[in-house]
Amino acid sequence: MKYCDLHTHTTASDGSDSPGEVVRSAAESGLAAVAITDHDTVAGLPEALDTGESLGIEVLPGMELSVKIAHGTLHILGYLFDPDSSTLKEVLKRVQSARARRNPLILERLEKLGCPISYKELEEISRGGQIGRPHIARAMLNRGYVRSIGEAFARYLKKGAPAYVPKSILGPEEAIRTIHDAGGLAVLAHPVSLEFGTPEHLEELLVAWIDQGLDGIECYYSMHDREMVDLCLGLCRKYELVSTGGSDYHGKAKPQIHLGTGTGGLRVPYSCVEALKERKARQRD
Ligand code: AMP
Ligand code: ZN
Ligand code: FE
Ligand code: FE
């Protein structure tokens, strides 16, 4: 059996390993393919693709877009798109400036809450990559305001907490269209995060996104139990969607998640990559 990991983050967003390091680790763990899926950026892809070529491991271009929906946010993974697409670049630029506007607002709130942090600290922690809440959480931990990253999110940064500022500006339809326009496929990331309640409600949400062009579901995921995997695989069969999977590796930023194996039991079959490629080939016809 060949395995892959189709959900990983690098220093281009909030992972702690460089794109080259992630690809090298994937090769060393014997994975047949790895996708780099940084939040709202494709900046890590050239280094990842180069490293893949030199080590002889397949690297898929990917990204993870933050999307706004009525009751919160949603993540949509893009795969096999052209990172140089001009529409994609334009959309990412808009999303990235929305993120850049948001960070100082979070810092302002934290200051009022008695937790001042400088922008310079964030730049050092993010090693030049796009700054997000995990970097802010790390800075809070370094300053001793909290005892863990989890506490920083729970008390200050998560949705509904006092320093939370929303950032998503894309709707699902625009996110899916942007990925398609760049020649790629759009996959619903980690459905467990939707907190959808009943399977029927998940299906209801899904049908709307399928109408908008959704291509697949991330069925295999570090935080999916067997029941969730089976629910997602069943929906993929019913609606002829591609099933994918990945660990959501962030390196030391989420030390409990390991490349390829998640919290230990994850295995993503390489057939997910083949299914993505087949669907892309059919879309081109
Ligand atoms: P942002 O893109 O700035 O909104 O931050 C999103 C990142 O924060 C993702 O990588 C999430 O995994 C991470 N994150 C969200 N909630 C938590 C949490 N409660 N604990 C740790 N990390 C979290
Ligand atoms: Zn992340
Ligand atoms: Fe995500
Ligand atoms: Fe992710």
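Both ligands and their constituent atoms are indexed starting at 1 by order of listing. Here, residue 1 is the first one in the sequence, and each next residue gets the next number.
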Does a side chain donor of either Asp17 or Tyr249 reach within less than 3.5 Å of an acceptor in the other side chain? yes
The Fe ion (ligand 3) as vertex, arms to ND1 of His75 and NE2 of His190: angle to 10°? 100°
With rounding to the nearest 0.5 angstrom, report the OG to CG distance, Ser222 to Leu266. 5.0 Å
With the Fe ion (ligand 3) as the point of reference, which N/O/S atom of Glu64 is the closest? OE2
Which N, O or S atoms belonging to the protein are less than 2.8 Å from the Zn ion (ligand 2)? Asp14 OD1, Asp14 OD2, His39 NE2, His250 NE2
Using a 3.5 Å distance criterion without hydrogens, assess whether the side chain of Asp14 forms a donor-acceptor pair with backbone atoms of Gly132. no
Within rounding of 10°, what is the angle whose vertex is the Fe ion (ligand 4) and whose arms end at NE2 of His7 and NE2 of His9? 100°
Could you check whether any side-chain N or O of Gln96 sits under 3.5 Å from a backbone N or O of Asp40, counting only pairs where one atom can act as donor and the other as acceptor? yes
In Asp248, which N, O or S atom comes closest to the Fe ion (ligand 4)? OD1
Test your reading of the model: is there a side-chain donor-acceptor pair from Arg133 to the backbone of Leu157, 3.5 Å cut-off? yes
When rounded to the nearest 0.5 angstrom, what distance separates CD1 in Ile69 from CD1 in Ile76? 9.0 Å
Does Arg127 use its side chain to pair, donor to acceptor, with the backbone of Ser16 at less than 3.5 Å? yes
So does Ser18 get a backbone contact from the side chain of Glu21, meaning a donor-acceptor N/O pair under 3.5 Å? yes
